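Just below is one structure, and these are the notes that go with it.
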Number of protein chains: 2
Amino acid sequence: MPAETDPRFLRSREAILHAARELLLEKGPAAVTHAPVAERAGVGRATVYRHWPRPELLLVEAMATVPMPFFAEPTVPTRDWLRRELTAMAHQLDLDDVRAVATTLANTALWDEHMEARRAQFAGVLSERVTAALDDAQHRGELTLAIPGRNAAAALIGPLYYRSTIEHSPADPGLIESAIAALGSWTTD
Amino acid sequence: MPAETDPRFLRSREAILHAARELLLEKGPAAVTHAPVAERAGVGRATVYRHWPRPELLLVEAMATVPMPFFAEPTVPTRDWLRRELTAMAHQLDLDDVRAVATTLANTALWDEHMEARRAQFAGVLSERVTAALDDAQHRGELTLAIPGRNAAAALIGPLYYRSTIEHSPADPGLIESAIAALGSWTTD
DNA sequence: CATCCTATGAGACGAGTTGACTCATAGGCG
DNA sequence: CGCCTATGAGTCAACTCGTCTCATAGGATG
């Protein structure tokens, strides 16, 4: 692996990642192989091999370029924050690239250890952020949880995720409201 | 395409489908190609081509051999039926093959029209069965829906689906109970 | 500007895969 | 028994894959 600061190296790296992401979105994960990526990136095939000897890690890193900044920086009241975050997530899941990344993550993780590591990290981050915010809401008296905290992420995100990846329809606000209500009882002050 | 009744034809067909399913479970959808399927099925490579000129349809049909009989034959009371069906579904989603089929369906459908057709059919069947049962429960007075019927399948199945495919954990009964409770208010008679 | 370093592009290469084809064989039918 | 046809084995050209070589040029250093 060459120097990390060489502008030529960084330029190639960015072009390759960009091309790999485009190919993932257009033709699926199976299309992210060295030759098509090189051609689209306007880069020699050997260069792609030098950067990523195996295409699995290229796919993982290309997927990481799709931003998925969910549930960062909780605000108060938690209920409004959840509504905003879930609405944003539903909007993101309507975009082809986010949907492609989410389903590729879930599917490829079953057989590829690198993707599995990313899935675990992604799931862990979402779960931690949600449970931390809900714990805080509970301590502040805004919420009385009716379900264990470990179930909260699945209860909130699951319906949107199913709606997007299985039903291929946009989530409507009612789905979000009922998921939030299912967490427990909220004070309305 | 040869005769549909020839025992030799049917034998080859079954062996190929069986091998394709095994390969899908062990190595993922990308591994379902003619040569490995033929070898594992103990069948000539040309025979696989004769049955399925393109591997996409082979993958679709191989996935169809994994039974997913969810929400068939509603019984009364609907709440107990839902609990049973969702528990069965959660149990199924813990099995590798069902998880593999579900995520492969969601992912491959984004780029393959045949898989997309199966996804739409699958989502439609689940949604119809769930809404029909809930409509009936509502007419009988067992349930007052708090959400539109079109959201019911996502609200019920989504959390289990997320728990299985993203969090890779078994669903616990609390997740199922809260999803059922989120539908609306149930009479307890 | 001159010099060195090194990432790159182009291409060659063998190994393996793909999809199409041929043909003798044998399984299953009347 | 005798016909029909699905099959297995094999051939074949085209293509892909992963590796390697080498001349070139982009960029740091003086």
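A quick note: this is a predicted structure, and the numbers were derived from the prediction, not measured. Any value given below was found using the heavy atoms of this structure, including those in side chains, with hydrogens, waters and symmetry copies removed. Naming convention: chains lettered A, B, ... in sequence-line order (proteins, then strands); numbering from 1 in each chain.
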- Message: If we count only N and O atoms by modelled type, under 3.5 Å, do the side chains of B/Arg150 and A/Ser169 hold a donor and an acceptor together?
- Response: no
- Note on the structure: To the nearest angstrom, the CD-C1' distance between B/Glu39 and C/dT17 comes to 13 Å
- Query: Hey, is the side chain of A/His34 poking within less than 4.0 Å of OP1 or OP2 on D/dC17, counting only N and O atoms?
  - Reply: no
- Query: A/Pro36 or B/Gly44: which one's nearest nucleotide on DNA chain D is closer to the 5' end?
  - Reply: B/Gly44
- Query: Can you check whether A/His51 has a side-chain N or O nearer than 4.0 Å to OP1 or OP2 of C/dT8?
  - Reply: yes
- Query: Does C/dG9 have OP1 or OP2 sitting under 4.0 Å from an N or O in the side chain of A/Thr47?
  - Reply: yes
- Query: What is the distance, rounded to the nearest whole Å, between atom CH2 of B/Trp52 and atom P of D/dT7?
  - Reply: 10 Å
- Message: Can you classify the ring geometry of A/His34 versus A/Tyr49 as parallel (below 30°), tilted (30 to 60°) or perpendicular (above 60°)?
- Response: parallel
- Message: Any N or O donor-acceptor pair under 3.5 Å from the base of C/dT18 to the side chain of B/Arg45?
- Response: no
- Message: Between P on D/dA6 and CG on B/Leu10, what's the gap in Å once rounded to a whole number?
- Response: 11 Å
- Would one find a side-chain N or O of A/Ser12 under 4.0 angstrom from OP1 or OP2 of C/dT8? yes
- Note on the structure: Atom CG of A/Leu57 and atom C1' of D/dG18 are separated, to the nearest Å, by 17 Å
- Task: Tell me which nucleotide among D/dC20, D/dC17, D/dG18 gets nearest to the side chain of A/Thr33.
- Result: D/dC17
- What class does the angle between the rings of A/His51 and A/Phe9 fall in, given that below 30° is parallel, 30 to 60° is tilted and above 60° is perpendicular? parallel
- Nucleotide of C/dA20, C/dA7, D/dG18 approaching A/Asp6 most closely (side-chain heavy atoms): C/dA7
- Item | Atom of A/Arg99, atom of A/Ser164 and distance for their closest heavy-atom approach | NE-OG, 3.2 Å
- Item | side chain to side chain contact (heavy atoms under 4.5 Å, CB included) evaluation trace for B/Glu61 with B/Trp52 | CA-CA 10 Å; B/Glu61 293 198 45; B/Trp52 285 278; 3.0 Å; yes
- Measure from the side chain of B/Arg50, starting at C-beta and using heavy atoms only, and say which of C/dG27, C/dG11, C/dT22 lies closest. C/dT22
- Judged by nearest nucleotide, the residue sitting upstream toward the 5' end of DNA chain C, A/Val43 or B/Ala35, is A/Val43
- Selection from D/dA6, D/dT19, D/dG10 that lies nearest to any side-chain heavy atom of B/Phe9: D/dA6
- Task: Give the nucleotide from the list D/dC17, D/dG26, D/dA9 with an atom nearest to the side chain of A/Arg8.
- Result: D/dG26
- Item | Closest to the B/Pro7 side chain, choosing from D/dG18, C/dC29, D/dC17 | C/dC29
- Rounded to the Å, how far apart are A/Tyr49 OH and D/dT21 P? 16 Å
